[in-house]
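Data first, discussion second: the structure below is written as structure tokens.
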Amino acid sequence: MTNKTKKIFITGTDTDVGKTVISCAVLDYANNLGLKTVGLKPIAAGCELTSTGLRNGDALLLQQHASHQLAYQIVNPIAYQEPIAPHIAAFKRGESIDLALVDASVNQVPDDIDVTVIEGAGGWHLPIDNRNLFSSWVAENKLDVILVVGVKLGCLNHAILSAQAILHSDANFVGWIANSLTADIANYDEMIDTLTVALSAPLMGEMPYFSSIEDKNENSANYLDLTSYLSL
């Protein structure tokens, strides 16, 4: 068992770098250790309108991989249909993003949950409006931050800048995970070696490229090393 509950915020070097894949893998890893888990996607754009309301594919995956089931409205309290920056989607609807809804979501996680995985949207500095960033909320709530690095040409700059931004925000940067975005990546080992030295937090796993969703769902947790982080 953990010596305290873990609240983990999963951010990425950009959008579409595999935050959901990694978030689900972290949930699976913790589940395999016998820990009680929940997954949250507090802010989501690109949602589908269904008979029960807006539903986000990433949020639904987090629900499926969590050991404890929460109502969808708790998992994803802020949802927009357009696949654009959430604060722009809110503005187009004459709304603003209310972080009190995110606070309420986190506060509804049962006390006996060991690991809460909170997936961000986009990169680290997600705008809430034209002046405020979601990263400030993450830092204020003292969440542990894991950075997903989408491994591709150009990722070194993105990863180093993201790591510097996390540290500058006074957030608790606990680790990073490499996620291969294609099957064949030139100079992969050299890029990982560079980031291992350049980033102040430890490498927690290297996720290979998966050709199918089935392999990804079944095997992704095997490529992480979170035991020391999640254990006493």
Side-chain angles (χ1 to χ4, degrees), residues 1-33 35 37-41 58 62 65-66 113-126 134-135 137-152 155-181 185 188-209 216 219-232:
M1 294 294 293
T2 53
N3 58 351
K4 63 176 182 176
T5 59
K6 300 283 190 183
K7 290 185 173 62
I8 307 167
F9 185 81
I10 306 292
T11 190
T13 47
D14 201 347
T15 193
D16 294 329
V17 295
K19 292 188 302 297
T20 303
V21 170
I22 300 302
S23 295
C24 291
V26 171
L27 288 168
D28 290 343
Y29 195 102
N31 292 338
N32 291 339
L33 292 176
L35 303 174
T37 65
V38 297
L40 305 177
K41 176 82 174 180
D58 296 346
L62 293 175
H65 286 261
I113 295 299
D114 299 303
V115 177
T116 300
V117 173
I118 303 170
E119 182 187 336
W124 174 244
H125 280 324
L126 176 78
F134 195 34
S135 52
W137 179 90
V138 176
E140 289 166 4
N141 283 273
K142 303 184 185 308
L143 305 181
D144 291 347
V145 178
I146 293 177
L147 173 66
V148 178
V149 176
V151 182
K152 61 178 182 178
C155 73
L156 300 181
N157 176 64
H158 293 166
I160 292 169
L161 286 176
S162 295
Q164 289 176 344
I166 293 168
L167 294 170
H168 185 72
S169 300
D170 290 329
N172 187 25
F173 184 26
V174 299
W176 62 283
I177 295 171
N179 183 44
S180 294
L181 300 181
I185 301 173
Y188 174 89
D189 290 338
E190 290 82 358
M191 288 194 289
I192 296 300
D193 289 344
T194 298
L195 291 178
T196 300
V197 174
L199 303 187
S200 61
L203 174 62
M204 290 178 157
E206 296 179 56
M207 193 71 66
Y209 175 75
K216 186 181 297 183
N219 301 315
S220 57
N222 296 335
Y223 296 94
L224 303 183
D225 183 7
L226 303 172
T227 302
S228 60
Y229 168 69
L230 293 174
S231 65
L232 286 170

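As the structure is a computational prediction, the values presented were derived from the model and not from experiment. Counting begins at 1 with the first residue of the sequence.
Applying the side chain to side chain donor-acceptor pair (under 3.5 Å) rule to pairs touching residues 189-200 yields nothing, sequence neighbours excluded. Judged as a side chain to side chain donor-acceptor pair (under 3.5 Å), the pairs with a partner in residues 168-179 (not counting sequence neighbours) are, in order, W124-S169, D144-N172.
V151 and C155 get closest at one heavy-atom pair: CA-SG, 4.0 Å. Considering all non-hydrogen atoms of both residues, G205 and L203 come closest at O-CD1, 3.3 Å. The two residues T37 and A30 come nearest to each other via the heavy atoms CG2-CB, 3.5 Å. Scanning both residues, A165 and H125, for their nearest heavy atoms gives CB-NE2, 3.7 Å. In plain terms, the two heavy atoms of L226 and M204 that are nearest each other are CD2-SD, 3.6 Å.
For the atom pair CG of L27 and CG of L62, the computed distance is 6.0 Å after rounding to the nearest 0.5 Å. Atom CD1 of residue I185 and atom CD1 of residue I192 lie 8.0 Å apart, to the nearest 0.5 angstrom.
T116 is not listed as a side-chain neighbour of T5, based on a closest heavy-atom distance of 4.5 Å or more. A heavy-atom distance below 4.5 Å is found between the side chains of L156 and L195.
Taking the side chain to side chain contact (heavy atoms under 4.5 Å, CB included) definition, one finds that N32 meets it with A221, sequence neighbours left out. Every residue two or more places apart in sequence or in another chain that forms a side-chain hydrogen bond (donor to acceptor under 3.5 Å, both in side chains) with Y188 is listed here: E206. Here S162 pairs with T13, L147 under the side chain to side chain contact (heavy atoms under 4.5 Å, CB included) rule; sequence neighbours left out. Y29 is linked by a ring pair (Phe, Tyr, Trp, His ring centres under 6.0 Å) to nothing, counting only residues two or more places apart in sequence or in another chain. For F173, there are no ring pair (Phe, Tyr, Trp, His ring centres under 6.0 Å) partners at least two apart in sequence or on another chain.
Checked by atom type and distance alone, the side chain of K41 never pairs as donor or acceptor with a backbone atom of I118 at under 3.5 Å. Of the possible polar contacts, one joining the K6 side chain to the Y229 backbone as a donor-acceptor pair under 3.5 Å is found.
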Task: CA sep, side-chain torsions, deciding dist, call: V117, I10, side-chain contact (heavy atoms from CB on, under 4.5 Å) - done: CA-CA 7 Å; V117 173; I10 306 292; 3.8 Å; yes
Which pairs of donor and acceptor atoms, one on a side chain in residues 15-24, lie under 3.5 Å apart (sequence neighbours left out)?
{"unit_1": "K19", "atom_1": "NZ", "unit_2": "G122", "atom_2": "O", "d": "3.1"}
{"unit_1": "T20", "atom_1": "OG1", "unit_2": "D58", "atom_2": "OD1", "d": "3.2"}
{"unit_1": "T20", "atom_1": "OG1", "unit_2": "D58", "atom_2": "OD2", "d": "3.2"}
{"unit_1": "T20", "atom_1": "OG1", "unit_2": "E119", "atom_2": "OE1", "d": "3.1"}
{"unit_1": "T20", "atom_1": "OG1", "unit_2": "E119", "atom_2": "OE2", "d": "2.7"}
{"unit_1": "S23", "atom_1": "OG", "unit_2": "K19", "atom_2": "O", "d": "2.8"}

